[in-house]
Undergrad: 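Have a look at this one before I ask anything.
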Number of protein chains: 2
Amino acid sequence: MTGLSDLAAAPQPSRARRGEGDRTRQAILRAAEELLIESGSQEQVNIRAVAERVGLTPPAIYRYFSDKDHLLFEACGQYFDDFEDEVINPVLRTTDDVIEALRRIAEGYVRFGLHHPEHYRIMFMLHHDHTPEQYADDRVVETGSFGSTAALVQRGVATGQLRGDLDVAALTWALWAGLHGLVALAVAKPNMPGPPIDQRVAAMIDVLMDGAAPR
Amino acid sequence: MTGLSDLAAAPQPSRARRGEGDRTRQAILRAAEELLIESGSQEQVNIRAVAERVGLTPPAIYRYFSDKDHLLFEACGQYFDDFEDEVINPVLRTTDDVIEALRRIAEGYVRFGLHHPEHYRIMFMLHHDHTPEQYADDRVVETGSFGSTAALVQRGVATGQLRGDLDVAALTWALWAGLHGLVALAVAKPNMPGPPIDQRVAAMIDVLMDGAAPR
DNA sequence: CTGTTCAGCTAACGCTGTTCAGTTAACACG
DNA sequence: CGTGTTAACTGAACAGCGTTAGCTGAACAG
């Protein structure tokens, strides 16, 4: 056992220095995420495996995370915080057309989910008993991503590009839920037969956008 | 411990008779399902709890089910086998209109899922590593329910009631995935704010059906 | 040098799904 | 009625999990 070799490049630091607990914390998060991506299953990301990868013993993890759920959600949450910057904002910056913006955000959302399937599972498909407070159900819709999209839908309704006979919130929900269904099915049942995923994505977005348009 | 008192109404049968293993099997399934409904969480349905409820010891379960996943899926599968008889067939029997039929099936699907949330989780939202072969991904779309719906969509396309510019399979997928997203979100994040569930269901079905209609 | 505190370890608990080897009870047959 | 067979079941245990209690040692402040 080399000690915290993964933590810093120092030769043989037997432990982190006084104020460097945050560095250990980040190392734990990184190890958990690596395990999540490598194994593709949250169950493989167990405390002992994470501890071993960081070069610690299992109880040391609990100095930084209250339990496994918090560790897992925080590891995944980092990704989803990036969604607004990586997908939504670029789209908003490069187009003023509501329809085009929504289509591109939809594509980005699906791509994002399919690219991080296990992250997606943990964030959106886990039993809510396992969801830490800071990621509670009601917090999800308070994210900038949801707000930005809702604002976009509202603008579309105002300009007549989207149907006005439905509650704006309900319409936004429908669009999101539709995309979520696509991703969730692909994540949970990746071996389903049927049209290739790209075709399914295209069809879903077509149906949703046409369904959201005025008749 | 009264023995298999839940199994039969007999006074004190200390164990099942020679050929009555199937009865024990059914009792185990029933106990598992009861626990699932009562606790609302698959984790609470552990082998020891199931065994205790049936009046057996844990190892006895493994004489009837190879592991917990098989037990859980079989307990849930019973419900979904009923879906075709309870929802789809009555609809097909009482209407010839494709649009109306699809709308009513959609409503039935959502209602069905929301009424058995934990069953729905296990069947459609679990990691596929935990899915027994007999419930494998590719089997899902081979169910009568999916086939009936696909046939309905096909008929709608043929009669011009549904859009013909998309692959029929892809269109069916989109409709299903949309409903799945609604149910999956409600199941996983039941405390989300936003419009009441009935309004969300109505909006989703409106969007999907309008999106599936020819323009 | 001394007291404090952070960082981490050792050991263990309780729970889980699961297995192995043995036991009991029901039945068929001579 | 006794005896062999076998289905049904038990007791004890294993390995793995998340987690906790209590201790140790290094790092720093005074």
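Chain naming here is simple, since letters A, B, ... match the order of the sequence lines and numbering starts at 1 in each.
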Undergrad: Pick the nucleotide of DNA chain D nearest each of A:Arg63 and A:Asn46; which residue has the one closer to the 5' end?
TA: A:Asn46

Undergrad: Just name whichever nucleotide pairs with C:dC27, Watson-Crick or G-U, keeping both distances under 3.5 Å, else none.
TA: D:dG4

Undergrad: Determine which nucleotide pairs with D:dC17, using a 3.5 Å limit on both distances of a Watson-Crick or G-U wobble pair.
TA: C:dG14

Undergrad: Roughly how many Å is it from CD in A:Glu52 to C1' in D:dC17, rounded to a whole number?
TA: 15 Å

Undergrad: OP1 or OP2 of D:dC9 versus the side-chain N and O atoms of B:Thr24: is any pair under 4.0 Å?
TA: yes

Undergrad: Distance check needed: C:dG17 C1' versus B:His70 NE2, whole Å only.
TA: 15 Å

Undergrad: CD1 of B:Ile28 versus C1' of D:dA8: gap in Å, rounded?
TA: 11 Å

Undergrad: Flag the pair A:Ile61 / A:Lys68 as yes when at least one side-chain heavy-atom distance between them is below 4.5 Å, and no otherwise.
TA: no

Undergrad: With DNA chain C as reference, determine whether A:Arg48 or A:Thr57 sits nearer its 5' end, using the nearest nucleotide of each.
TA: A:Thr57

Undergrad: For the side chain of A:Leu56, starting at C-beta, report the closest nucleotide among D:dC9, D:dG18, C:dC9.
TA: C:dC9

Undergrad: Nearest whole Å is fine: how far is C:dC15 P from B:Lys68 NZ?
TA: 15 Å

Undergrad: Would you mind reading off the distance between A:Phe65 atom CZ and C:dA7 atom P, rounded to a whole angstrom?
TA: 13 Å

Undergrad: Report yes if a side-chain nitrogen or oxygen of B:Tyr62 is closer than 4.0 Å to either non-bridging phosphate oxygen (OP1 or OP2) of D:dC9; otherwise report no.
TA: no

Undergrad: Taking atom types as modelled, is there a side-chain donor on B:Arg48 or B:Thr57 under 3.5 Å from an acceptor on the other?
TA: no

Undergrad: Is the closest side-chain donor-acceptor distance between B:Tyr135 and B:His128 under 3.5 Å?
TA: no

Undergrad: Using the side-chain heavy atoms of B:Pro59, tell me which of these nucleotides is nearest: D:dG18, C:dC20, C:dT10.
TA: C:dC20

Undergrad: How close do B:Val141 and B:Phe146 get, heavy atom to heavy atom, and via which atoms?
TA: O-CD2, 3.4 Å

Undergrad: Figure out the CD1/P separation between A:Ile61 and D:dT19, and round it to whole Å.
TA: 11 Å

Undergrad: State which of D:dC9, D:dT19, D:dT20 makes the closest approach to the side chain of A:Asp67.
TA: D:dT19

Undergrad: Starting at atom CG of B:Leu35, determine the distance to atom P of C:dG17, rounded to an integer number of angstrom.
TA: 11 Å

Undergrad: Look at the side chain of B:Ala60 and decide which nucleotide, out of D:dC9, C:dC9, D:dT19, has an atom nearest to it.
TA: D:dC9

Undergrad: Which is it for A:Tyr79 and A:His119 under the ring-ring contact (aromatic ring centres under 6.0 Å, His included) test, yes or no, and what are the steps along the way?
TA: CA-CA 8 Å; A:Tyr79 265 112; A:His119 297 71; 4.4 Å; yes

Undergrad: Within this structure, what is the CD1-to-P distance between A:Ile47 and C:dG8, rounded to whole angstrom?
TA: 15 Å

